[in-house]
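Data block below; observations after.
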Amino acid sequence: MTATPLLHDELTVSLIRGDDDIVLTSMPLRDGTDRATLSRFGDDVWDMAPATFGMIRKAFRTVDFRAIPCAAERLLAKEYIYAWVNERLADGEPRLRPVSGHAALATLRRFLGFVRSRIGKLDLGAVDQDLIDAYAAHHRARPITPERVGVCLRPIVQLHRLAPYLSCSGLTFAPWRGRPVYRATGQRTRSSENRTARIPEPVIGAMLRWSLKYLEHFGDDIFAARAEEDALNARFAVRSRCRRTRPALKLASWIDMRRREGRGIPVWERPLSIGGVTGRLSRGGKFNGNVINLKLVTMQCGLHLTTVCENPALLPMIHGAVDELGFEVGGMDTPISVDPDTGRAWRERFDAISLAREERHLQTAAYIVCCYLTGMRDGEVQSLRSGCLKRSLGRDGLTERLAIAGVTWKDRGVRGEQVDWITIEPAVQAIRVAERLSERFRRNAGTERLWLALDDRKTTNAETPILIAKKINQFREHLDERYGAGDCPAIPRVSEEVWRFNTRQFRRTLAWYIANRPFGVVAGKIQYKHASVAMFDGYAGSSASGFRQEVEQELVLGQLDDIIDYFEHHRRGHGPGGPAGRRIGAELERVGRELGPLPGQLADRKRLKAMLAHLARTLHVGYLNDCFFDPSTALCLREVERPSASAPVLSRCAPDRCPNACLVERHLPPWEASIAQADELLADKRLSPLQREVLRKDNERKRRLISPLKECTS
């Protein structure tokens with residue numbers, strides 16, 4: 001029997017696959033796919049799009065082996081991807097998704113390149129445990145997360161796992177003696193905690209406020225300017241076919257109109273972005289760094305740019321008007337609305353380029369509102385289609401429900417599942433804005449997808465998702481540049497660092513706030529409790545997209561974080577107040593003694609969490625107080641409710657009497673506001689003696705309750 005060769009550089013013909021084997025033979029395909037057109041094993045570029053059902057970038061629709069110069073390495077890569085996509089092994093590990101083939105090839109090539117650099121040739125038979133340990137150490141030294149290190153090490157495990165389907169036999173030994181890959185990444189245990197960064201409250205609050213301002217106040221100006229721009233282009237197309245007569249008279253009439261209106265000559269907002277014919281002509285009209293917007297001038301006059309070139313008298317007329325009337329940034333006729341917060345126009349007038357830029361910012365604002373206030377994942381948002389809004393009556397037949405119809409993908413198979421997200425009015429408004437923005441682009445691309453790149457280039461693909469994370473960070477930069485100051489940016493800094501957004505952060509942040517700060521208010525008028533009631537309505541106890549489960553996970557994590565805050569405040573002398581304050585303070589003191597002296601930051605946060613977990617499990621955060629829930633003593637429960645109760649009824653809470661109620665410094669503002677409101681009522685001389693006595697005693701009760709906290713604060 002002939003031994004299977006191990007030396008890759010000598011192996012160029014597959015011993016297992018035929019060139020005509022269909023690459024996607026085991027994958028479900030899109031409806032209407034012709035199997036005769038599917039990629040074959042012998043092809044150097046594999047088209048994976050027939051087996052993908054969501055929105056994917058163009059680069060991930062194919063697996064391109066042409067960049068591999070070595071024929072033996074190219075063969076190994078093909079067999080590796082083919083086997084991982086199609087073979088179902090006894091270990092039950094999932095097969096590679098077709099959309100992940102591009103990334104799987106990149107990580108494989110990175111490992112094979114490391115082997116070549118250490119051995120001098122591609123010989124998997126010479127790979128041993130020391131070499132893969134060195135590869136793991138190489139990636140652990142990079143500034144990447146342990147999860148990313150695990151992704152880089154995955155080809156090592158797969159080369160052993162898929163060995164029976166590789167002509168070179170892959171790796172003949174079990175890497176790390178069969179132990180999980182995460183051990184090689186430097187982690188002792190596999191963490192189930194969501195490691196996605198949570199957006200700090202000042203950052204998400206400012207970002208959402210500005211996004212809503214764009215939707216509610218700035219959007220109408222942007223749509224009006226777009227209508228003006230389209231009308232100008234339409235008129236220009238008609239006039240360009242007509243004979244141009246008396247251009248000097250037309251230009252003089254237009255200048256006279258600007259004079260009567262008290263307006264200057266249009267200049268570009270950002271002149272460095274102008275090129276082509278317009279740029280060459282504009283450079284002839286550059287004054288003190290401002291570049292005349294000749295394109296807009298000629299369109300408003302009913303002339304053509306070439307007319308200015310052909311008639312030497314026209315450009316001096318425009319220059320003379322500049323000397324007389326001055327400049328006007330932008331120059332379009334659409335008036336600019338007043339910013340309700342400043343009482344001034346929110347920007348200068350538009351030109352064609354600044355209009356397109358503001359349309360992109362408006363689309364980004366709509367995405368932020370839709371993504372954050374619905375809890376959708378990026379793929380779920382970008383798969384929405386025009387007409388996805390639905391209105392219906394709730395189960396009571398009276399309440400109107402607002403829903404967004406879409407597809408959820410996670411754990412729902414490759415085809416996804418049709419679901420409705422119950423939502424609130426701001427998210428509906430965001431969808432409407434996105435529909436208006438994408439209308440002409442959808443018409444040109446022949447698609448009903450809602451989120452399209454807002455440009456007219458023919459290279460724009462209707463099935464390609466927009467790079468929204470990049471646009472969100474550009475939107476933040478735009479807000480800081482236009483509306484912020486050096487020491488006061490529009491979007492607050494976090495430890496003096498600019499916050500970098502990605503799409504996963506929005507869902508995680510919303511889940512945390514719904515679970516742990518349900519009565520928090522964001523963007524001035526939106527309460528997390530209202531959003532959660534709408535989002536969970538209609539799901540019969542569980543969200544089809546898995547959002548409720550994520551909220552429950554964040555509740556557990558948030559309880560641990562909050563109890564750590566209790567402990568840290570207690571160590572600094574700011575112990576809890578309220579009826580349960582003494583009991584909780586004593587327990588925190590006991591844990592502190594067992595933990596020992598810890599100067600500076602806490603030395604072992606994981607150990608501290610374990611020691612405080614019994615308190616965290618009973619902690620329920622509230623607006624006026626927190627509750628360390630014990631059903632046997634809770635005053636909010638009726639006797640019949642105690643045996644089955646798992647959470648307090650906060651609407652019946654008696655913070656000054658219930659032995660489970662606890663207050664900390666963050667509860668002071670609402671209590672002080674309530675006291676101040678009662679004092680204002682007491683100043684009214686029309687109150688009856690009985691009303692006055694009730695208010696006075698109620699204020700005394702509130703002051704006694706919060707006085708220990710105020711003493712600690714002072």
Side-chain angles (χ1 to χ4, degrees), residues 201-229 257-270 289-290 293 296 325-369 372-373 424-427 429-430 432-433 436-437 472 474-493 498-499 520-527 669 673 676-677 680:
E201 185 174 14
V203 175
I204 187 59
M207 201 68 169
L208 193 57
R209 279 193 299 274
W210 278 106
S211 298
L212 288 170
K213 188 181 287 190
Y214 257 79
L215 297 183
E216 297 172 354
H217 301 289
F218 304 165
D220 289 341
D221 290 356
I222 295 171
F223 287 124
R226 172 51 58 193
E228 178 188 347
E229 174 76 6
M257 180 189 66
R258 305 288 286 198
R259 184 183 295 111
R260 291 194 306 269
E261 294 176 352
R263 298 173 61 185
I265 303 303
V267 293
W268 292 97
E269 181 180 319
R270 296 187 182 181
N290 295 297
N293 189 344
L296 180 60
L325 305 178
F327 298 118
E328 179 182 273
V329 176
M332 292 178 63
D333 292 335
T334 299
I336 304 301
S337 300
V338 171
D339 185 333
D341 293 333
T342 64
R344 300 189 300 269
W346 65 277
R347 59 158 294 122
E348 303 90 352
R349 291 181 186 259
F350 293 101
D351 57 47
I353 294 178
S354 64
L355 171 59
R357 188 182 304 115
E358 290 291 3
E359 284 180 318
R360 293 192 291 271
H361 291 322
L362 179 60
Q363 183 189 52
T364 303
Y367 177 94
I368 292 170
V369 172
Y372 188 64
L373 295 182
I424 57 179
E425 185 60 39
Q429 185 180 11
R432 292 198 185 102
V433 167
R436 291 184 65 184
L437 284 171
I472 293 172
Q474 289 174 342
F475 181 52
R476 190 260 311 149
E477 293 170 2
H478 161 73
L479 294 174
D480 284 343
E481 177 186 344
R482 182 174 288 274
Y483 304 106
D487 56 346
C488 186
I491 306 302
R493 301 290 188 256
V498 173
W499 184 265
V521 177
V522 65
K525 62 180 181 180
I526 299 171
Q527 191 179 80
Q677 186 178 21
E680 289 180 7

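Only a predicted model underlies this, so the values are computations on that prediction, with no experimental measurement involved.
Contact check for Met332 versus Leu296: side-chain heavy atoms found under the 4.5 Å cut-off. Under the 4.5 Å side-chain criterion, counting only non-hydrogen atoms from C-beta, Val369 is not in contact with Gln429. Counting only heavy atoms from C-beta outward, the side chains of Tyr214 and Val433 never approach each other to under 4.5 Å. By the 4.5 Å heavy-atom criterion applied to side chains, Arg347 and Ser354 are counted as neighbours. Between His478 and Glu358, the closest side-chain pair of non-hydrogen atoms falls below 4.5 Å. No side-chain heavy atom of Arg349 sits less than 4.5 Å from a side-chain heavy atom of Thr334. Trp210 is not listed as a side-chain neighbour of Arg476, based on a closest heavy-atom distance of 4.5 Å or more. With a 4.5 Å cut-off on side-chain heavy atoms, Leu362 and Phe218 do not count as touching.
Rounding to the nearest 0.5 angstrom, the gap separating the CD atom in Glu216 from the OG atom in Ser211 is 10.5 Å. Atom CZ in Phe350 sits 4.5 Å away from atom CD1 in Ile336 (nearest 0.5 Å). Distance check: Leu437 CG to Arg432 CZ gives 14.5 Å after rounding to the nearest 0.5 Å. Taken from NE2 in His217 to CG in Asp341, the straight-line distance is 7.5 Å, to the nearest 0.5 Å. Rounding to the nearest 0.5 Å gives a distance of 5.5 Å between CG of Leu325 and CZ of Arg259.
Every residue was checked against the salt bridge (Lys or Arg N to Asp or Glu O under 4.0 Å) condition with Glu228, not counting sequence neighbours, and none meets it. For the side chain to side chain donor-acceptor pair (under 3.5 Å) test, no residue two or more places apart in sequence or in another chain qualifies with Gln474. In this view, Asp220 satisfies the side-chain contact (heavy atoms from CB on, under 4.5 Å) rule with no residue, not counting sequence neighbours. Applying the side-chain contact (heavy atoms from CB on, under 4.5 Å) test to Arg344 and every residue at least two apart in sequence or in another chain returns Thr342. Partners of Glu229 under the side chain to side chain donor-acceptor pair (under 3.5 Å) rule, at least two apart in sequence or in another chain, do not exist in this structure. For the salt bridge (Lys or Arg N to Asp or Glu O under 4.0 Å) test, residues two or more places apart in sequence or in another chain that qualify with Arg263 are Glu261, Glu328, Asp333.
At least one donor-acceptor pair under 3.5 Å links the side chain of Asp221 to the backbone N or O of Ser337. At distances below 3.5 Å, at least one donor-acceptor pair connects side-chain atoms of Tyr483 with backbone N or O atoms of Trp346. Although no hydrogens or angles enter the test, the distance criterion places a donor-acceptor pair under 3.5 Å between the side chain of Asp480 and the main chain of Ile491. Here the side chain of Thr364 pairs a donor or acceptor atom with the backbone of Arg360 at under 3.5 angstrom. The backbone N or O of Ala345 lies less than 3.5 Å from no partner atom in the side chain of Asp339, so there is not a single donor-acceptor pair.
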Can you list the steps and then say if Ile472 with Met207 is a side-chain contact (heavy atoms from CB on, under 4.5 Å)? CA-CA 10 Å; Ile472 293 172; Met207 201 68 169; 3.9 Å; yes

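Look at Glu348 and Arg482 and you find a salt bridge, because one of the NZ, NE, NH1 or NH2 atoms lies within 4.0 Å of a carboxylate O, short of that distance.
Counting heavy-atom neighbours within 6.0 Å of Glu201 CD, excluding the residue itself, gives a total of 12 or less.
Taking every heavy atom of both residues into account, Ala430 and Ala366 meet most closely at CB-O, 3.4 Å. Contact detail for Pro266 and Gly331: the closest heavy-atom pair is CB-CA, 3.7 Å. The heavy-atom pair separating Ile204 from Tyr372 by the smallest distance is CG1-CZ, 3.6 Å. For Trp268 against Ala352, the heavy-atom pair with the smallest separation is CZ3-N, 4.4 Å. The two residues Ala206 and Ala490 have their closest heavy-atom pair at CB-O, 3.7 Å.
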